[in-house]
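Lettering of chains follows the sequences in order, A, B, ..., and the numbering in each one begins at 1. Computation of the quantities below employed the complete heavy-atom set of this structure, encompassing side-chain atoms and omitting hydrogens, waters and symmetry-equivalent molecules.
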Amino acid sequence: GQQVMQIPQYQHVQEGEDFTTYCNSSTTLSNIQWYKQRPGGHPVFLIQLVKSGEVKKQKRLTFQFGEAKKNSSLHITATQTTDVGTYFCAGMSSDTGFQKLVFGTGTRLLVSP
Amino acid sequence: DGGITQSPKYLFRKEGQNVTLSCEQNLNHDAMYWYRQDPGQGLRLIYYSQIVNDFQKGDIAEGYSVSREKKESFPLTVTSAQKNPTAFYLCASSLRGHRYFGPGTRLTVL
């Protein structure tokens, strides 16, 4: 079945450093979504990318969807302690006729002041 | 104040007991979902419902059951047949594809 892999599993940065997490799907996606889960909290939707090669920005966060619609990345510029949490990508496929969303394993980000 | 509520936040049960986790939404969303999250893993789909009185198995439905008698409510029962029920359970609803998650219930089976 469809699989979504994320790397790295964990990253520890100093405040002010940049951070990137990568997401790869075994199948072509109709869209990809990104979520953030703070420690002890629940996932919160950040953004959805639909078009091949699409790039979207939210302040210091830049999201990219690959040309083949099988991979995506999230880049955070100049991390802050408020960026701490686990970032999940989730790929949506229409293969089954139902808009199934498959979550990646997540990248846990720790930011030291 | 619209959103999804899950209760209780923490739940402890003895092995062999069935337990029901509550999920209520006032977002007027048709679709609702149950996910399970284990440490270091992503979210895995247990059951989903796209409309009242209809639900479908997800990837890990064995040992779980659900009902959808009302649009607002989608309770999940963890039965004694679930081999390893200790986990963080997240309920979600959706509009335009992306998920709105509840605060979750952390279930520990002793």
Side-chain angles (χ1 to χ4, degrees), chain A residues 1-11 21-26 29-50 56 58 63 65 72 85-110, chain B residues 2-10 21-25 27 29-51 54-61 68 76 87-108:
Chain A
Q2 181 189 356
Q3 289 186 321
V4 178
M5 306 299 293
Q6 254 182 284
I7 56 169
Q9 278 191 311
Y10 172 81
Q11 189 152 8
T21 173
Y22 300 91
C23 179
N24 290 286
S25 170
S26 58
L29 302 169
S30 57
N31 67 59
I32 195 150
Q33 301 172 12
W34 285 91
Y35 293 79
K36 177 183 178 181
Q37 184 175 22
R38 294 183 187 275
H42 58 276
V44 174
F45 173 76
L46 294 176
I47 206 161
Q48 176 173 284
L49 304 172
V50 178
K56 285 189 176 181
Q58 287 181 350
F63 304 84
F65 200 9
S72 181
T86 301
Y87 293 85
F88 292 96
C89 64
M92 187 168 281
S93 169
S94 303
D95 291 349
T96 60
F98 160 66
Q99 292 280 316
K100 183 176 179 180
L101 193 63
V102 177
F103 282 81
T105 49
T107 295
R108 186 177 164 208
L109 173 64
L110 184 61
Chain B
I4 300 178
T5 56
Q6 289 186 247
S7 60
K9 188 172 183 178
Y10 298 96
L21 280 57
S22 165
C23 177
E24 302 280 330
Q25 57 106 353
L27 300 167
H29 291 171
D30 286 318
M32 296 187 74
Y33 311 81
W34 274 104
Y35 292 91
R36 171 180 171 142
Q37 186 175 33
D38 293 283
Q41 296 193 32
L43 283 68
R44 293 184 289 168
L45 183 63
I46 305 173
Y47 266 97
Y48 64 94
S49 169
Q50 294 180 278
I51 199 167
D54 185 57
F55 49 83
Q56 306 295 330
K57 292 182 180 180
D59 300 317
I60 55 165
R68 187 85 187 277
L76 173 74
F88 188 42
Y89 291 88
L90 288 155
C91 178
S93 65
S94 74
L95 182 66
R96 301 189 200 96
H98 69 261
R99 308 295 189 249
Y100 293 78
F101 285 91
T105 292
R106 202 166 294 275
L107 173 64
T108 302

Task: Partners meeting salt bridge (charged side-chain N to carboxylate O under 4.0 Å, His left out) with B:R44 (sequence neighbours left out) - done: B:D38
Task: Choice from A:P43, A:G106, A:G41 maximising heavy atom contacts with chain B below 4.5 Å - done: A:P43
- [ ] Go through A:H42, A:R108, A:Q9 and name the one with the most non-hydrogen pairs under 4.5 angstrom from chain B.
- [x] A:H42
- [ ] Under the side chain to side chain donor-acceptor pair (under 3.5 Å) rule, collect the residues that match up with A:Q11, sequence neighbours excluded.
- [x] none
Open item on the list: Out of B:P103, B:A31, B:G104, return the one with the most heavy atom pairs under 4.5 angstrom to chain A.
Closed with: B:P103
Open item on the list: Could you check whether atom CD of A:Q58 has more than 12 heavy atoms from other residues, nucleotides or ligands sitting under 6.0 Å from it?
Closed with: yes
- [ ] Between chain A and each of B:Q41, B:Q37, B:Q56, count heavy-atom pairs under 4.5 Å; write down the option with the most.
- [x] B:Q37
Open item on the list: How close do A:M92 and B:R99 get, counting heavy atoms only, and between which atoms?
Closed with: CE-NH1, 4.1 Å
Open item on the list: Please classify the contact of A:Q6 with chain B as side chain, backbone, both or neither, using a heavy-atom distance under 4.5 Å.
Closed with: neither
TODO: Anything under 30° is parallel, anything over 60° is perpendicular, the rest tilted; go ahead and classify B:F101 against A:Y35.
DONE: perpendicular
Task: Spacing of A:L101 atom CG and B:Y35 atom OH [to the nearest 0.5 Å] - done: 5.0 Å
Open item on the list: Heavy-atom count check: over 12 atoms from other residues, nucleotides or ligands less than 6.0 Å from A:F45 CZ?
Closed with: yes
TODO: Kindly check if the number of other-residue, nucleotide or ligand heavy atoms within 6.0 Å of CG (B:L95) is above 12?
DONE: yes
Task: Structural part of B:L43 lying under 4.5 Å from a heavy atom of chain A - done: both
